[in-house]
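The next block holds one structure in the form of C-alpha cells; read it before the comments.
Quick note: residue numbers are just sequence positions, from 1. The basis for the numbers below is simple: all heavy atoms, side chains too, and nothing from hydrogens, waters or symmetry mates.
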Amino acid sequence: MTFSAFFPGQGSQFPGMGQTVYQESTAARRVFECASDVAGQSVSDLCFSGTKEELSRTINSQIAIFTCSLAVFSALQERGVTFDACAGFSLGEYTALAASGILSTEDALRLVTKRGELMQAAADETDGCMAAVLGLADSVVEQICAETDGIVLPVNYNCDGQLVIAGTTDAVSRAVESCKQAGARRAVPLAVSGAFHTPLMAEAAAQLRTFAESLTIHVPTIPVYSNTDAQILSIENLPAHLEQHMISPVRWKELVQNMMSDGHTAALEIGPGKTLTGFARRISKQLTCTPVESNNSVLAVCQSAE
C-alpha cells in the first residue's frame, strides 16, 4: 500500500521523541547522526534527554522535530513503505523538502538549523505570540483580526472551527477577547516563542532566502503540496518561496482537501505528536490518517500494508 506523508510542525515536540526508532532502525540512526554533524550538537541527546523547556525553544525544537520526523520516514522506507505525495505543517514542509528529494538531507538540515536560529532571534527581538481560536467561522476570526488595532493576523487554517492567530502580544490579547465575545468556544495560547507566519518574521525570512540561494535544488521524486497556496510546490524559485512561506498563513485545510481531490486519501502523520491526525478527522471522514512516531507504530504500518 502507498501512502501520503504528513509531517508535523513546531509544538509537536516532546522529551524522548524518536528514541525507539533510533534504537531499531539503521536508516533512522543515520539521520540523527547527520543532524548532529550539521548542528554541531548531539541532536539525539536533545530529543531523548532534553527537557520540555529546552525543546520548546525554537532554535532547538525545529532541528529536533525535523530530525525525528525524517528519521521515522527513513525507517518506514527502510521497511519498504512507499509514498506518492507529501506535505508538512509549517516547519513540516521542510521535512517534506527532504523526503521528496528536493533537498539533500544535509542541505535540509543546514536550512532548518538556520531557520531555527533566525526565528529564535526574531522571537527574542519582538513581543509576539500565537493563539488557537476554537469554535468560530474563519470569516468571523478574519474580520476580528482586521478590526483589531495593532498587528494580529490569521496564520494557521487548521480545520473547520480552528484558526490560529498571531501578532504582537497586546494585539493578540485584544483579538482573543473579541473572539470570546463573538462566541468562540475557547482561545488557547500556543507553546511557541514568537508570532510565526506574520510580518514580524520579515527580516528573518529575507535572511533565510539569502541562505537558501546557496543550496542545490533537485527535481522531486514525489510531489510536495505547499502551505502557502495549497498547491503542488514548484521548485523554480525555492528561495523566494521559503521567504514567503515564513510570513504567509499555513493553509492546511485547503491543502489536505486538494490532496484528496488528487486521490491521496490514506496518510501517515510521520513524526512526533498526533495533531495532524486530529485535523484530518475534522477535515474529511473520507481521509484516513495514522500517526507514526515510534518503532512499534512503524512495525504496525508495515504489517497493515502487507
For Thr67 and Ala64, indicate whether the former's side chain and the latter's backbone hold a donor-acceptor pair under 3.5 Å.
-> no
With distance as the sole test, does Thr148 use its side chain to make a donor-acceptor pair with the main-chain N or O of Ile144 at under 3.5 Å?
-> yes
Flag side-chain contact, heavy atom, 4.5 Å: Thr228 against His245 = yes
Spacing of CG belonging to Asp84 relative to CE belonging to Met259, to within rounding of 0.5 Å = 7.5 Å
Keeping to residues at least two apart or across chains, list the salt bridge (Lys or Arg N to Asp or Glu O under 4.0 Å) pairs with something in residues 142-158.
-> none
Hey, does Val301 have a side-chain heavy atom less than 4.5 Å from the side chain of Phe3?
-> yes
Contact check, side chains of Thr168 and Asp127, non-hydrogen atoms, under 4.5 Å = no
May I ask you to test the Thr51-Leu55 pair for a side-chain heavy-atom distance under 4.5 Å?
-> no
Please find out if less than 6.0 Å separates the ring center of Phe73 from that of Phe7.
-> yes
Spell out, yes or no, whether Ile235 and Leu242 are grouped together once hydrophobic residues are joined by side-chain heavy atoms under 4.5 Å, including indirect joins.
-> yes
Is the backbone of Val38 close enough, under 3.5 Å, to the side chain of Glu106 for a donor and an acceptor to pair up by distance?
-> no
Rounded to the nearest 0.5 Å, the OG atom of Ser4 sits from the CD atom of Glu269 at a distance of 11.5 Å
Of Lys114, Glu117, Arg115, Gln120, which is the lone residue that meets side chain to side chain donor-acceptor pair (under 3.5 Å) with Gln62?
-> Arg115
Is there side-chain contact between Val112 and Leu91, with at least one heavy-atom pair below 4.5 Å?
-> yes
Taking the six-membered ring for Trp and the full ring for Phe, Tyr or His, determine whether the centres of His264 and Phe83 are under 6.0 Å apart.
-> no
Is Met246 close to Met119 at the side-chain level, that is, under 4.5 Å between some pair of heavy atoms?
-> yes
Above 12 or not: heavy atoms from other molecules or residues under 6.0 Å from CD of Glu254?
-> yes
Considering non-hydrogen atoms only, spot the tightest contact between Ala204 and Leu118 and give its length.
-> O-CD1, 3.6 Å
Any chance the rings of Tyr225 and Trp252 have centres within less than 6.0 Å?
-> no
Are Asp229 and Arg251 close enough, and set up right, to give a salt bridge (charged side-chain N to carboxylate O under 4.0 Å, His left out), and what steps lead you there?
-> CA-CA 7 Å; Asp229 60 5; Arg251 302 190 179 280; over 6 Å; no
Geometric class of the Phe279/Phe89 ring pair [parallel <30°, tilted 30-60°, perpendicular >60°] | tilted
CZ of Phe6 to CD1 of Ile270: how many Å apart, nearest 0.5 Å?
-> 10.0 Å
For a side chain to side chain contact (heavy atoms under 4.5 Å, CB included) with Thr20, tell me which candidate from Asn295, Val298, Val72, Asn296 qualifies.
-> Asn295
Can you give each donor-acceptor pair under 3.5 Å made by side-chain atoms of residues 212-221, sequence neighbours left out, with the distance rounded to 0.1 Å?
from   : atom 1 : to     : atom 2 : distance (Å)
Ser214 : OG     : Phe211 : O      : 2.8
Thr221 : OG1    : Ser100 : O      : 2.9

Without swapping roles, check the side chain of Arg29 against the backbone of Gln23 for a donor-acceptor pair under 3.5 Å.
-> yes
Pairwise distance CD(Gln13) to CG(Asn60) - rounded to 0.5 angstrom | 9.5 Å
Roughly how far apart are Ile59 CD1 and Thr113 OG1, rounded to 0.5 Å?
-> 9.0 Å
Hey, what do you get for NZ (Lys180) to CG (Leu136), rounding to the nearest 0.5 Å?
-> 12.0 Å
Can you check whether Asn158 reaches Thr275 side chain to side chain, under 4.5 Å on heavy atoms?
-> no
Give me the one residue out of Asp160, Leu255, Val256 that meets side chain to side chain contact (heavy atoms under 4.5 Å, CB included) with Ile283.
-> Val256
Flag side-chain contact, heavy atom, 4.5 Å: Gln10 against Ser90 = no
When clusters are formed by joining ILVMFWY residues with side-chain heavy atoms under 4.5 Å apart, either directly or through shared neighbours, do Val172 and Leu200 land in the same one?
-> no
Does the ring center of Tyr22 lie less than 6.0 Å from the ring center of Phe32?
-> yes
